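Values in this document were obtained by computation on a predicted structure and should not be read as measured data. Both counts, for ligands and for their atoms, begin at 1 and track the order of listing.
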Amino acid sequence: MKGLSILGCTGSVGTNVLRIVDAFPDRFRVVGLAAGHNTERLAEQVVRYRPTLVSVASAEAAQTLRRAIGPGTEVCSGQQGMVDVATHPEAHVVVASAVGAVGLVPTYRALEAGKDIALANKETLVMAGQLMVEKARERRARLLPIDSEHCALHQCLDGRTPDSVRRLVLTASGGPFRNRAADTFAAVTPEEALNHPTWNMGRKITIDSATLMNKGLEVIEARWLFDVAAPRIEVLVHPQSVVHSMVEFVDGTVLAQLGVTDMRLPIQYALSYPERWDAAIPGMDFAKAMRLEFDVPDRRRFPCLDLAYLALESGGTLPAVLNAANEEAVAAFLDHRLSFTGIAALVADIMEAHPPTALRTLDDVLEADRWARERAHALIDRGASARA
Ligand SMILES: NC(=O)c1ccc[n+]([C@@H]2O[C@H](COP(=O)([O-])OP(=O)(O)OC[C@H]3O[C@@H](n4cnc5c(N)ncnc54)[C@H](OP(=O)(O)O)[C@@H]3O)[C@@H](O)[C@H]2O)c1
């Protein structure tokens, strides 16, 4: 049995991970669970899966949880609590499925402890990709992607080295505004942006999908997971979300991975790798009329994509700055304090103001993250970005 610690267990990915645990009760034991503030859902999970250690974001949430679950499970809180869950001695695999920068330190500490990581929390690789892959290599820990696009690339590559790759092609649904006129973008509401056409996901990634920042973050994620440089990573809009991504090899052969839009597929792949287990997930129905369309993204309407390429090519702490500015911008947009076009404008302003800084340690990353958030708060409080 594999011992699992799940960071972000109450979220969209986290609850799907537990559905895989339900489907294979003889293969997994849930050792640790970490969540933010949803103590109600977490209490249900604790009663059902009986983990040894549980963590929540704050001391108050920990009190609420203790009252709800009674004695028997240790409850801790804050960043150290999440680190304790991520490094629990009985956990063989850590599922990193918290959203945003909050997952960085716990995931890094899990790698230091030699745990295999099933990674959904792409922000951690955006912020500190080089440090994370170096640590994984040093500790001989596996870093397996849960993101469906990277899961597709992992399957197409099947262990082949970067020198056999001509390009990686990440597919994007295009989000809800694929066909919307640019001059109406400033008026986009959070409710419209949260209405994703093909995937049902958490709020932050859904907004990132609407701005195409999600695809930009995925380009950075792919660079670190597969050691392929930015100019050889391309993005194609594919509204049907049937082809989850493709690899073109140096001999011109293209391999694509297809599947239904159900996150249980990539989650199960990461948790069962290198085996394949019989899944109770319906396959594809090719007899149904099906069109597969591909198009280049409109980089003028979706400037976040170029911002991510710029951050990746500049390197150092700029990707961490991009990530932090974006997290703050998305939160402000969801809170009606920033316009939709303000998201990209704010990120661009903050990146431009950031002095180029080399990235050597986790502290460099955390300092860049802090700097960018402080600046974002100041700009948002002042009525945000001049460019929006
Ligand atoms: N959803 C998808 O289909 C999908 C696909 C590919 C990749 N991803 C990536 O997977 C990650 C999770 O996405 P999601 O859609 O599952 O997000 P989500 O539904 O919003 O869930 C986020 C999880 O993170 C937890 N969390 C938030 N703040 C926290 C804190 N301060 N301390 C500890 N835990 C905290 C939340 O806990 P509470 O709810 O208890 O506050 C929740 O469990 C993201 O990085 C996303 O980009 C998601």
Side-chain angles (χ1 to χ4, degrees), residues 5-19 32-46 54-62 64-65 68 75-86 94-107 117-127 144-153 170-173 194 196 198-211 213-218 220-222 225 241 244-245 259-267 269-270 308 323 326-327 330-331 334:
S5 273
I6 307 170
L7 314 180
C9 57
T10 47
S12 162
V13 173
T15 48
N16 273 310
V17 171
L18 289 168
R19 290 170 77 193
L33 292 175
H37 292 97
N38 190 346
T39 49
E40 209 171 307
R41 185 172 290 170
L42 182 57
E44 289 166 12
Q45 295 176 347
V46 170
V54 179
S55 162
V56 282
S58 66
E60 302 80 70
T64 311
L65 185 70
V75 180
C76 49
S77 62
Q79 179 171 286
Q80 187 54 47
M82 211 167 159
V83 169
D84 290 345
V85 169
V94 174
V95 181
S97 55
V99 61
V102 72
L104 175 67
V105 174
T107 308
I117 306 287
L119 186 92
N121 186 190
K122 65 192 86 183
E123 293 90 347
T124 60
L125 272 192
V126 170
M127 296 172 76
L144 282 165
I146 281 183
D147 232 337
S148 60
E149 293 78 359
H150 304 75
C151 176
L153 294 174
L170 288 164
T171 55
S173 71
L194 285 169
H196 194 276
T198 51
W199 291 97
N200 185 10
M201 311 177 286
R203 285 159 65 87
K204 193 258 178 185
I205 185 176
T206 305
I207 302 303
D208 284 348
S209 299
T211 60
M213 180 60 95
N214 183 49
K215 216 42 61 179
L217 301 180
E218 288 180 8
I220 303 177
E221 184 184 8
L225 282 173
S241 299
H244 294 307
S245 278
V260 293
T261 49
D262 187 324
M263 280 307 289
R264 286 176 297 167
L265 274 179
I267 293 168
Y269 176 84
N323 180 68
N326 181 58
E327 282 190 28
V330 169
L334 284 170

Measure the distance from atom 4 (C) of ligand 1 to every protein heavy atom, then report the residue, atom name and distance (to 0.1 Å) of the closest one. Val13 CG2, 3.5 Å

Over all heavy atoms of both residues, which pair between Gly14 and Ile6 is shortest? Give the atoms and the distance, please. CA-CG2, 4.4 Å

Which residue and heavy atom of the protein sit nearest atom 6 (C) of ligand 1, plus the separation: Asp147 OD1, 2.9 Å

Hey, which of Leu217, Val99, Val13, Asn214 is the one that makes side chain to side chain contact (heavy atoms under 4.5 Å, CB included) with Ile205? Asn214

Got the closest protein heavy atom to atom 36 (C) of ligand 1, with its distance? Thr10 OG1, 3.9 Å

Tell me the closest heavy-atom pair linking Ser241 and Ser173, and the distance in Å. OG-CB, 3.4 Å

Backbone or side-chain N or O of Gly36 under 3.5 Å from ligand 1 N or O: yes

Flag the pair Arg41 and Glu44 as a salt bridge only when some basic side-chain nitrogen lies within less than 4.0 angstrom of an acidic carboxylate oxygen. no

Using distance alone, decide if ligand 1 has a nitrogen or oxygen within less than 3.5 Å of any nitrogen or oxygen in Asn200. no

Here's a test for you: under side chain to side chain contact (heavy atoms under 4.5 Å, CB included), which of Leu119, Val95, Asn16 qualifies with Ile146? Val95

Which atom pair, heavy atoms only, marks the closest approach of Leu265 to Val260? CD1-CG2, 3.7 Å

The option among Ala96, Ala34, Ala120 carrying the non-hydrogen atom nearest to atom 9 (C) of ligand 1 is Ala120

Stepwise side chain to side chain contact (heavy atoms under 4.5 Å, CB included) check, Leu7 with Asn121: CA-CA 9 Å; Leu7 314 180; Asn121 186 190; over 6 Å; no

For atom 33 (C) of ligand 1, what is the closest protein heavy atom, and at what distance to 0.1 Å? Ala35 O, 3.1 Å

Please step through side chain to side chain contact (heavy atoms under 4.5 Å, CB included) for the pair Arg203 and Leu194, ending with a clear verdict. CA-CA 7 Å; Arg203 285 159 65 87; Leu194 285 169; 3.7 Å; yes

What part of Met82 sits under 4.0 Å from ligand 1 if we count only heavy atoms: the side chain, the backbone, both or neither? side chain

Just to confirm my output: which protein heavy-atom neighbour is closest to atom 15 (O) of ligand 1, and how far is it? Gly202 N, 2.8 Å

Using heavy-atom distances only, which candidate in Ala98, Ser12, Pro145 approaches atom 19 (O) of ligand 1 most closely? Ser12

Taking atom 24 (O) of ligand 1 as the point of reference, which of Val126, Val99, Thr206 owns the nearest heavy atom? Val99

Contact between ligand 1 and Lys122 is defined here as a heavy atom of the residue under 4.0 Å from a ligand atom; is it met? yes

Protein contact to atom 12 (C) of ligand 1 [nearest heavy atom, distance to 0.1 Å]: Ser97 O, 3.3 Å

Is the CD atom of Glu40 crowded by more than 12 outside heavy atoms at less than 6.0 Å? no

What residue and heavy atom of the protein are closest to atom 30 (C) of ligand 1, and at what distance? Val102 CG2, 3.6 Å

Decide yes or no for Leu153 and Leu170: does some side-chain heavy atom of the first lie under 4.5 Å from some side-chain heavy atom of the second? yes

Give the numbers and elements of all ligand 1 atoms closer than 4.0 Å to a heavy atom of Met263. 3 (O), 5 (C), 6 (C)

Closest to atom 8 (N) of ligand 1 (heavy atoms only, candidates Ile205, Asp208, Asn214, Asn38) is Ile205

Show me which atoms of ligand 1 lie under 4.0 Å from any heavy atom of His37. 38 (P), 40 (O), 41 (O)

For atom 21 (O) of ligand 1, find the nearest protein heavy atom and state the residue, atom name and distance (0.1 Å precision). Gly11 CA, 3.2 Å

Is there any N or O on Ala57 that sits under 3.5 Å from an N or O of ligand 1? no

I need the single residue from Val17, Val54, Leu33 that forms a side chain to side chain contact (heavy atoms under 4.5 Å, CB included) with Cys9. Which is it? Leu33

If we check side chain to side chain contact (heavy atoms under 4.5 Å, CB included) with Glu149, which of these qualifies: Lys215, His244, Lys122? Lys215

For Cys9, the atoms of ligand 1 under 4.0 Å from one of its heavy atoms are 43 (O)

